[in-house]
Each structure stands twice: as C-alpha cells, then as structure tokens.
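Below you'll find the structure, written out as structure tokens, and then a few comments.
Atoms considered below: every heavy atom in the structure, side chains included; atoms not considered: hydrogens, waters and symmetry mates. Below, read A as the first sequence line, B as the second, and so on, with proteins coming before strands; counting in each chain starts at 1.
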There are 2 protein chains.
Amino acid sequence: MGEQEKVRWLTAEEQRAWRGFVRLHERLGGRLGRMLQSESNVSAADFAVLVHLTDTPDGRQRYQDLARALEWEKSRMSHHIARMAGRGMVVREECPEDGRGAFVVITDTGRAAIEAAAPRHVEAVRELFMDHVTPSELRVLAELSERVISKLDEDQA
Amino acid sequence: MGEQEKVRWLTAEEQRAWRGFVRLHERLGGRLGRMLQSESNVSAADFAVLVHLTDTPDGRQRYQDLARALEWEKSRMSHHIARMAGRGMVVREECPEDGRGAFVVITDTGRAAIEAAAPRHVEAVRELFMDHVTPSELRVLAELSERVISKLDEDQA
DNA sequence: TAAACGTAGTTGACAGTTCACCAAACATCC
DNA sequence: GGATGTTTGGTGAACTGTCAACTACGTTTA
C-alpha cells in the first residue's frame, strides 16, 4: 500500500510566480486599504460598495445584484450594509415590486465620501502599481486573469 | 478654487488588468482555502504556518521570524498560534537565550496535518492555476510581482 | 547601577466574516 | 385553493484579524 508518489510539486519557477502573485496582492491590498481607511475613513469594502452604487443612475441597487457584482455572500452584504447604514453612507429601502427584496441607496454622505476618496485611491493604484508595469505586461496579466477565472467558473458547475 | 482636474483615471485596459488581478486572487484564494478547510481541516493560515515550520530542520521557529516570513503582525501571530496550540498542531516553547522570546514548535499532529493537506493543495494549485498559464506568462507574472513588491518596500522607508 | 530606551510577545476590546438557521414573499403544479 | 419548493434577505454565534495598551526582558548610556 505505497504512498501516492505521484504528487508533482511546484518547480522553483512556479513557486516564484505563485508566491509573488499571492504576496503582491496581499501587500497592495493591505496598503491601499490602510490608505483609504486613514485618509478617507472608508474601508476597501465600503469603497467597493459605493463604487457600484454610483455606477447606477439613481445610486440604488438590489442587495442581490450588489452581492453578485462584488461576489459577496448575501449575509456579508446584509451585515455590511447594516454597518454602513449606521454610519449614514447608505440607507435601506423596501422594494415595492418584490416584497422580499430591498434596495441599498447611497446617501449624500456616501457620495461625499467616495468623491473624496476616489482620486487619492486611483492615484495610489497608479503610483504603487501601474507606474511599475509595462503595457504589455498589463495585457498578459489581464488575459491570464480572465482565462483562469473563466476556468474557475467552468468547473464550478 | 477649481477642483483638482488632474486625476488620471484608469484606462479601460488598466481597469481590466487591475480588476482581473484582484478578482483572480480573491477567487483562487477563496477556493483553495475552502478546499483546505473542508478536506484537511486546516485553514490557509494554518497551512502557511505549518509550511514555514517544516522548512526548518527541527520544526521550530521564533515567533518573530515566523511573523516576518509570513508578513503578519506579531499580535496576529500570537493569537493564531494560541489557537493552533489549542488544536494541538503546535506548542509554544520558552527561549533560553532570550527571556522575552519564544519558539513555535510543530507537533506530530501538526506534521500529520500538513502531510495530509499538502499534496491535495499543490494539486489544486496546478489544476486551478498552473494548468491554464503558459511558462512565459508565468515568467512575466513572477518578474512583475517582484518588481512591484520591491518598489513597495522602497517607499515604505 | 540606574535610567532610558528598544524588543518580544500578550491581552482585551472591537470590526468584519462566515456559518447555520430562520422567515417572509414569490412561483409552480396539481 | 393549497402543497411544495425557491428566492430574498435577516440574525446570532463563533471565529479571525487589528489596534493599542501592557508586561517583561535586554541593551545602551551616563
């Protein structure tokens, strides 16, 4: 009953890429998040929600749609929106057409928050990332990401 | 007192790459983490700790060094090791040379856990990622990551 | 050697996430 | 109409990570 010897461990090159990739995201994410938090009093999650709300004409989105867009669990959405509502950035609104449903609606406070935060955030993404990556590398990254994500989606089903 | 009009928003290409990158990591991380958790009863964080411990000859590391290697805060390390110790995967050991310090030492239970988890994990990384990326893309990713990380480190100081 | 400073790790309060379950409103099918 | 199943969202408990204060030891300096 020999062990399964067939594990193909990662090569040095593979490890290098994998670790680099993971670490890069952790670092960038951490830095950008702390930056948003300290300079604009908005967490990365808040920011993502606000961006999606301002993407719609009336700043309103169903919980469900927001959750799908951000790829969050509904429960996370519910808790998070409750907290944001507590801080006045959004309000919850009943949905007339569907008695179960509800809308998340951005408030003026929310708009002010994201308008203050966005320029600094984009600038940071440029300074910390874009400025150090060539257009061709960017293209490789985009293609690679999309391909792998679509594979993930495939065998999800 | 005009607004700062000079914000250079991300181009479509840049957004595509940025979002792809962020999403890819979230997705892969989530999937691999759930896999480890459900199949081996080990969280991604546990796994990382165990990997670093088994990298040393006697399966022992100073809290400090472990924290640096994983880029964790010392308090996170302390909390996390306490939890892992509670589950018997590691033990804490005093450090004779430095009265303040302490070692984290992997136990047989811990070894068994990582030995059970590692092959499936590597296989998953292959299936979900490596198999869909060419060697040249991998090289680009590695170089890009290292470059950007080193820039991050630079202006940290 | 005493004061001051730095370092290693701990602790407790707290914010955020997930999990498992719940409930209400729709949808379908007979 | 009523039984059944599905979708939408809410809730409480458990868990994870962060922050700031704290203890205890070590190192430097005067």
- [ ] Figure out the NZ/C1' separation between A:Lys74 and D:dT11, and round it to whole Å.
- [x] 12 Å

- [ ] Identify, between B:Phe103 and A:Arg87, the residue whose nearest nucleotide on DNA chain C lies closer to the 5' end.
- [x] B:Phe103

Open item on the list: Does any part of the side chain of A:Leu144, heavy atoms only, come nearer than 4.5 Å to the side chain of B:Phe21, both counted from C-beta?
Closed with: no

Open item on the list: Looking at A:Asp108, I want to see if its CG is surrounded by more than 12 non-hydrogen atoms of other residues, nucleotides or ligands under 6.0 Å.
Closed with: no

Task: Atom pair distance, as rounded to whole Å: CH2 in B:Trp72 and P in C:dA8 - done: 18 Å

TODO: Would you mind reading off the distance between A:Glu26 atom CD and D:dG17 atom C1', rounded to a whole angstrom?
DONE: 13 Å

Task: Over all atoms of both residues, closest heavy-atom pair of B:Gly101 and B:Arg62 - done: CA-NH2, 3.4 Å

Task: N or O in side chain of A:Arg83 less than 4.0 angstrom from C:dG16 OP1/OP2 - done: yes

Task: Rounded interatomic separation in angstrom, taking CD from A:Gln64 and P from C:dA25 - done: 17 Å

- [ ] Rounded off to whole Å, could you give me the CG-to-P distance for the A:Leu70 and C:dT17 pair?
- [x] 11 Å

Open item on the list: Please confirm whether the shortest side-chain N or O distance from A:Arg100 to OP1 or OP2 of C:dA23 is below 4.0 Å.
Closed with: no

TODO: Output yes when at least one side-chain N/O atom of A:Arg76 is less than 4.0 Å from OP1 or OP2 of C:dC19, else no.
DONE: no

Task: Euclidean distance, atom CZ of residue B:Arg68 to atom P of C:dA8 [Å, nearest integer] - done: 7 Å

Open item on the list: Over all strands shown, is A:His79 touching base, sugar-phosphate only, or nothing at heavy-atom distances under 4.0 angstrom?
Closed with: base

- [ ] For C:dG16, take OP1 and OP2 only and decide whether either is under 4.0 Å from a side-chain N or O of A:His80.
- [x] no

Task: Spacing of B:Glu97 atom CD relative to C:dG9 atom P, expressed in whole Å - done: 12 Å

TODO: Give A:Arg92 one of three labels, base, sugar-phosphate or nothing, depending on what nucleic acid heavy atoms sit under 4.0 Å from its own.
DONE: sugar-phosphate

TODO: Tell me which nucleotide among D:dT18, D:dT8, C:dC19 gets nearest to the side chain of B:Ser75.
DONE: D:dT18

Open item on the list: Under 4.0 Å, heavy atoms only, any strand: does B:Arg34 hit a base, just the sugar-phosphate, or nothing?
Closed with: nothing

Task: Gap between atoms CG and P, on B:Asp65 and C:dA8 respectively (whole Å) - done: 9 Å

Task: Non-hydrogen atoms of B:Glu94 and B:Phe103 that approach each other most closely - done: O-CD1, 3.9 Å

Open item on the list: If the threshold is 4.0 Å, N to carboxylate O, is there a salt bridge linking A:Arg76 and A:Glu73?
Closed with: no

Task: Any B:Arg62 side-chain N or O less than 4.0 Å from OP1/OP2 of C:dG9 - done: yes

